[in-house]
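Beneath this line is the structure, given in structure tokens, with notes to follow.
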Amino acid sequence: MGARRDPRSPADWPFWRLATAHLHCLLEQSGDGDAGPDAENMTVAAISCIEYARDAGLYGLAKATVGRVSAVYASLPSDGQTALKLRFERVRLTSLAGDIAAAEAEYRALLDIHRRLLHDVDLRLWGFGGGAS
């Protein structure tokens, strides 16, 4: 087994460019998003492809990947780790696109989910709320 490819490393971007194209083909074949037992794996792969595209400055490709994987992601538990990671990547792209109000609303929604899951996390740890962090 080879070394893991880092989607944030420019040295690995040629691999991720091919992986993203391949993932788009797979997602297109799944059509209605019914990836069955592979939904989790496809979404995890999509998150890495989104990280690559975002860090490579290919925001259109990153957004297209989010759009294509959305139907697959919809079959996952909405508060599961993979679904939350995809939502986080989507909100990062929203922020990079300059829609700060929408990004802030989505960040707050994610924080509410995390608070519910982690039982009252201190929001100051995330940079929200009064006082110094």
Side-chain angles (χ1 to χ4, degrees):
M1 183 172 177
R4 183 183 187 290
R5 306 279 182 154
D6 184 355
R8 295 169 299 240
S9 171
D12 289 335
W13 286 352
F15 168 85
W16 287 105
R17 182 175 37 252
L18 292 173
T20 303
H22 183 70
L23 177 73
H24 279 235
C25 288
L26 289 173
L27 291 169
E28 191 173 304
Q29 288 176 356
S30 71
D32 63 358
D34 183 14
D38 294 325
E40 183 90 17
N41 291 334
M42 287 180 80
T43 305
V44 168
I47 291 167
S48 291
C49 292
I50 293 163
E51 288 175 342
Y52 144 70
R54 182 198 64 231
D55 289 355
L58 304 171
Y59 303 121
L61 180 60
K63 288 184 77 167
T65 305
V66 169
R68 287 190 179 220
V69 78
S70 292
V72 173
Y73 141 84
S75 68
L76 300 175
S78 63
D79 60 357
Q81 183 178 9
T82 302
L84 292 174
K85 283 181 181 179
L86 182 63
R87 285 182 67 181
F88 182 72
E89 287 302 324
R90 186 176 58 207
V91 73
R92 289 176 80 181
L93 291 172
T94 302
S95 178
L96 287 170
D99 192 346
I100 304 304
E104 183 175 343
E106 182 68 11
Y107 276 128
R108 289 191 183 277
L110 287 169
L111 283 172
D112 287 343
I113 293 169
H114 279 277
R115 184 184 303 129
R116 181 174 45 81
L117 294 174
L118 300 174
H119 307 292
D120 200 26
V121 171
D122 186 347
L123 290 180
R124 290 175 293 178
L125 297 174
W126 291 79
F128 292 102
S133 297

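FYI, the numbering just counts along the sequence from 1. Values reported hereafter were calculated over all heavy atoms of this structure, with side chains retained and with hydrogens, waters and symmetry mates removed.
- With rounding to the nearest 0.5 Å, the separation of CH2 in W16 from SG in C49 is 5.5 Å.
- With hydrogens and angles disregarded, a donor-acceptor distance shorter than 3.5 Å links the side chain of W13 to the backbone of P7.
- Hydrophobic clustering, with ILVMFWY side chains joined whenever heavy atoms are under 4.5 angstrom apart, keeps L58 apart from L93.
- Taking CG of L61 as the reference point, atom NZ of K63 lies at 12.5 Å (rounded to 0.5 Å).
- Residues in residues 17-26 take part in these side-chain hydrogen bond (donor to acceptor under 3.5 Å, both in side chains) pairs, two or more places apart or across chains: H24-T65, H24-R68.
- Atom CE of M42 sits about 5.0 Å away from atom CG of L26, to the nearest 0.5 Å.
- Taken together through direct or relayed side-chain contacts under 4.5 Å among Ile, Leu, Val, Met, Phe, Trp and Tyr, F15 and L23 form parts of separate hydrophobic clusters.
- In this structure, CG in L110 is found 11.5 Å from CG in D79, a value given to the nearest 0.5 Å.
- Residues V69 and I47 have side chains not in contact (no heavy-atom distance under 4.5 Å, counting atoms from C-beta outward).
- Not counting sequence neighbours, E51 has no partner by the side-chain hydrogen bond (donor to acceptor under 3.5 Å, both in side chains) test.
- Side chain of S9 to backbone of D6: no donor-acceptor contact under 3.5 angstrom is found.
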Show every donor-acceptor pair shorter than 3.5 Å between a side-chain atom in residues 83-92 and any protein atom, with sequence neighbours excluded, or say none if there are none.
unit_1, atom_1, unit_2, atom_2, d
R87, NE, E106, OE2, 2.8
R87, NH2, E106, OE2, 2.9
E89, OE1, R54, NH1, 2.2
E89, OE2, R54, NH1, 3.2
E89, OE2, R92, NH1, 3.4

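- Side-chain contact check for Y73 versus V66: every heavy-atom pair is 4.5 Å or farther apart.
- Side chain of D99 to backbone of A102: a donor-acceptor contact under 3.5 angstrom is found.
- Of all the heavy atoms in L76 and E40, the pair that sits closest is CD2-OE1, 3.5 Å.
- Interatomic distance, T94 OG1 to I100 CD1, rounded to the nearest 0.5 Å: 9.5 Å.
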